[in-house]
Amino acid sequence: DVKVTQSSRYLVKRTGEKVFLECVQDMDHENMFWYRQDPGLGLRLIYFSYDVKMKEKGDIPEGYSVSREKKERFSLILESASTNQTSMYLCASRISGGNQPQHFGDGTRLSIL
Amino acid sequence: GQNIDQPTEMTATEGAIVQINCTYQTSGFNGLFWYQQHAGEAPTFLSYNVLDGLEEKGRFSSFLSRSKGYSYLLLKELQMKDSASYLCAVKRGNDYKLSFGAGTTVTVRA
């Protein structure tokens, strides 16, 4: 079974802090994704990476950056956290090519005070 | 952009059937996924359709009509554990990305 692990289930940070969310997958997947999930809006793609050291902006990249130095790990960085970044953050990974499904982690509920 | 619509909420009785509709408007359509998400948990993959027709997997079936931009997920013999959100997601061309609908929360009552 694919295992996508997010480092924290719950996180509380203050406005202006630099925040790191970590995601690790154990199935040697090439593609990795970061989403945020808000009520009524569904999942929105922040950034994705199709392979190591590669990254591309998703639909809502403003205020975020990412890092993929190793294939198994994809980090999401909030450069200067703001209250409107309070949300559920979901990481996903998939095998590259074809129409393979994405596999999700359990999410990190981030609150910015 | 893409417009993906699904109902916000549905309620059904244990043992019954529920059909969750998803309509989309997208260029370069290349497949539609359904995911199930229990509260506080990760979305899990249910089904994938790229050609017109019905795909059946046990109690769950998914249907696609590409010409109508329409899909549905059919849940039969509902069980209490089927209470969850169901997410419709569309793939476009050779994009790595999926575009998700807002999700449909299904509540199964005894």
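Below, each value reflects all heavy atoms present in this structure, side chains not excepted, and no hydrogens, waters or symmetry copies. Throughout, protein chains are lettered first and strands after them, A, B, ... in sequence-line order, and every chain is numbered starting at 1. None of these values were measured; they are calculated from a predicted model.
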Chemist: Would you please classify the geometry between the A:Tyr35 ring and the A:Phe33 ring as parallel, tilted or perpendicular, with 30° and 60° separating the classes?
Modeler: parallel
Chemist: What part of A:Asn99 gets closer than 4.5 Å to chain B, counting heavy atoms only: side chain, backbone, both or neither?
Modeler: both
Chemist: When the ring centroid of A:Tyr64 is compared with that of A:Tyr47, is the distance short of 6.0 Å?
Modeler: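 Between A:Tyr64 and A:Tyr47, the centre distance exceeds or equals 6.0 Å.
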Chemist: Hey, mind stepping through A:Glu22 and A:Ser75 against side chain to side chain donor-acceptor pair (under 3.5 Å) and telling me if it holds?
Modeler: CA-CA 5 Å; A:Glu22 305 287 347; A:Ser75 304; 2.5 Å; yes
Chemist: Name the region of A:Gln37, side chain, backbone, both or neither, that has any atom closer than 4.5 Å to a heavy atom of chain B.
Modeler: side chain
Chemist: Counting only non-hydrogen atoms closer than 4.5 Å, does A:Leu41 touch chain B with its backbone (N, CA, C, O), its side chain (CB onward), both, or neither?
Modeler: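 For A:Leu41, backbone heavy atoms alone lie under 4.5 Å from chain B.
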Chemist: So with a 6.0 Å cut-off around NZ of B:Lys76, is the heavy-atom count from everything else above 12?
Modeler: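 Yes, the 6.0 Å shell around NZ holds more than 12 heavy atoms from other groups.
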Chemist: Got a sec: does the CZ of A:Arg44 have more than 12 other heavy atoms crowding it under 6.0 Å?
Modeler: yes
Chemist: With chain A as the partner, which of B:Gly101, B:Gly103, B:Gly40 has the greatest number of non-hydrogen pairs under 4.5 Å?
Modeler: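 Looking at each option in turn, the highest pair count goes to B:Gly40.
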Chemist: Against chain B, label A:Arg94 side chain, backbone, both or neither, depending on which of its atoms sit under 4.5 Å from a heavy atom there.
Modeler: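 The answer is the side chain of A:Arg94.
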Chemist: Quick check on the interface: out of A:Gly107, A:Ala92, A:Gly105, who has the most heavy-atom pairs with chain B under 4.5 Å?
Modeler: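 That would be A:Gly105.
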